[in-house]
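Structure first, then comments.
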There are 2 protein chains.
Amino acid sequence: MTTIKDVAKKAGVSVATVSRFLNDSGYVSAEAAKAVTAAVEELKYELNPVARSLNTKKSNLIGLILPDITNPFFPELARAVEDVALTYGYTVVLCNSDENPEKEKNYIETLKKKYIAGFIVTSNQLDAPHYANANVPIVALDRTINEKIPTVSSNNKEGAIMGTNALLERGCRNILFLRGPEELNPANDRYEGFMEAIQSSNLQYQVVTCPFHFADSQEIVARVLKEDPTIDGIFASSDVSAAGALKAASLVGKRVPEELQIVGFDGVAMGEMLSPGLTTVAQDVYKMGAIAARVLIKQIENKKIDQRFYEVPVKLIIRGTTRSVEE
Amino acid sequence: MTTIKDVAKKAGVSVATVSRFLNDSGYVSAEAAKAVTAAVEELKYELNPVARSLNTKKSNLIGLILPDITNPFFPELARAVEDVALTYGYTVVLCNSDENPEKEKNYIETLKKKYIAGFIVTSNQLDAPHYANANVPIVALDRTINEKIPTVSSNNKEGAIMGTNALLERGCRNILFLRGPEELNPANDRYEGFMEAIQSSNLQYQVVTCPFHFADSQEIVARVLKEDPTIDGIFASSDVSAAGALKAASLVGKRVPEELQIVGFDGVAMGEMLSPGLTTVAQDVYKMGAIAARVLIKQIENKKIDQRFYEVPVKLIIRGTTRSVEE
DNA sequence: ATATTATGTGTAACCGGTTACACACCGAAA
DNA sequence: TTTCGGTGTGTAACCGGTTACACATAATAT
């Protein structure tokens, strides 16, 4: 392995000059620059990032902390983060937290010892002070940890209004809203949006809390559908719940979308594969991840951050679980 | 930050002794051990992994190279790798290769500079010599790179036989096999298994190549179903293709499973959410990832590896796209 | 009794970089 | 002419560990 000393020797200068040239710090004469460039080229020198880290107490590692990569929402996010990290020369460390503060803390500490450059955190039970005191750049997804930490999230409330109105415009008179877990920020924003839209319609509705879990929501929806057969629309806070609702409908014998219309939230790939295809309020997850990564890297590189809060627009995708709009 | 020197001073010994104690290498008296333990405790000393890496040219980073985490097969794999890595004190770096040898090479080189401990590689167009010469522990998934590199894969052929027989036992007389891309090893093994099972049945069949992509397979299946209305069973090489087939069936007006039975391959979560639920040959992806990680870590830690080839059994999951077995 | 081996420890070199500091040179300002 | 700030460079300390080597002592073998 060739080191900076080899380069210095070959170029006929000191290691300090080589280092200065490589880092573009301090003065280096054109002459020296040329000699170093040539030596680097000839020896195929590549800087050792570990040695550098030891000095600078910095690395190009980014920690991506998320509850569970297995949850269909996260792979795309991870992909986006990785893509932009790569273009900026950063490497992504994957951390599944299971929403467990202990695990999160552990990761943060382990990685800080490696001089990690920053974290992108998607978590719902963030130990706020813990993060705030982490003393390392952080970007949060879907949750404000503290005013100083930039946050990116979907426009959940707006999306919920869109989704509700989609059902209303298509003639629903008794909507069931599948509310997500209360400890989830986005779920609450969606709930707010739904309430705002439904209340201004003066129509009948019903709210049931339901985890973002297929079998559970299937069961819950089947029960509710039996209790109240007049329900003609379901707005689920997640596509997984919507899938459960769709399955429940088929078990209960409700035809979708003729007797019952369903709208989901998230826009995961699976929605397209269902029969009928799931109408949903799609988040631009890739964009969220990309923005989070870019903002984090800006922070890391001490560039000015123009904004502390990023809201990514959401899009209604009409597929087969809804009918065409009534005139 | 407290360093090994601080500990040495407080314990009244030299840094060498502290280091020996910490690494359990060389001789350390009980007395010294006690003093060091106390000092570590008191100063809350934590070893700096970067400094150690610089010396030992080792780290506890594991690179996970896969085509695209967004592909539903991989999140669970990544999760498994991460879980076992964590229990052994390793950290996982996520690398999306897009099956691009250039990107893979890049990752390998970048991470080797960081003294990465090893790689788990899932790729189908591996630049074999490149990996073989990487000079770092590797475990491959679904493809043999070279005899020296341990490989873990599903029992694809056996699984395909099971899937085919499931259709046969349920009365299918004209099966359509959706073969996966030829450059994929597992797809070929599945094809082999299907051929073996179908040929010993002397029944009619048809093979069509079809990418692991929803919209494409939907289109292909819809066409084939129209051309040959006597097809009464479809065995798809992946669940995504199977989902496409299911959708095609509903568009063409074939009732599933009454007129047409479908079996997929993979066992992704989405299968359960379809209506009817997808009968499939499920891979134990988590297990594959866990084994791969364990084997890699064994290699890294120079423990004996008893096996070079691991085949993880596959399991038939019967759901709604197949009927009950005929007597 | 001496030779040999096992045990225990400290000094200092080393891993491969970064950077504070000292110093030399040059042109411009005083 | 002196003074001074901008250039340009090298030496050596430092980041925080590991480890080769030298040395000392105790235990065992001969």
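Quick note: numbers below take in every heavy atom, side chains included, and nothing from hydrogens, waters or symmetry partners. All chains are named by letter (A, B, ...) in the order of the sequence lines, taking the proteins before the strands, and each is independently numbered beginning at 1.
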Spacing of B/Glu31 atom CD relative to C/dT7 atom C1', expressed in whole Å: 14 Å
Length of the NZ-P vector between A/Lys34 and D/dT9, whole Å: 14 Å
B/Tyr27 side-chain N/O to C/dT7 phosphate OP1/OP2 under 4.0 Å: yes
Greater than 12 external heavy atoms within 6.0 Å of B/Lys10's NZ: no
Backbone of A/Pro49 reached by a side-chain donor or acceptor of B/Lys113 within 3.5 Å: no
When the side chains of residues 289-296 of chain A are checked against the rest of the protein, which donor-acceptor pairs come out under 3.5 Å, sequence neighbours left out?
none

Per-nucleotide protein contact string for nucleotides 14-20 of chain D (B base, S sugar-phosphate only, - none; heavy atom under 4.0 Å): BBBBBB-
A/Tyr310 OH: over 12 foreign heavy atoms closer than 6.0 Å: yes
Any donor-acceptor N/O pair, B/Ser53 side chain to B/Lys58 backbone, under 3.5 Å: yes
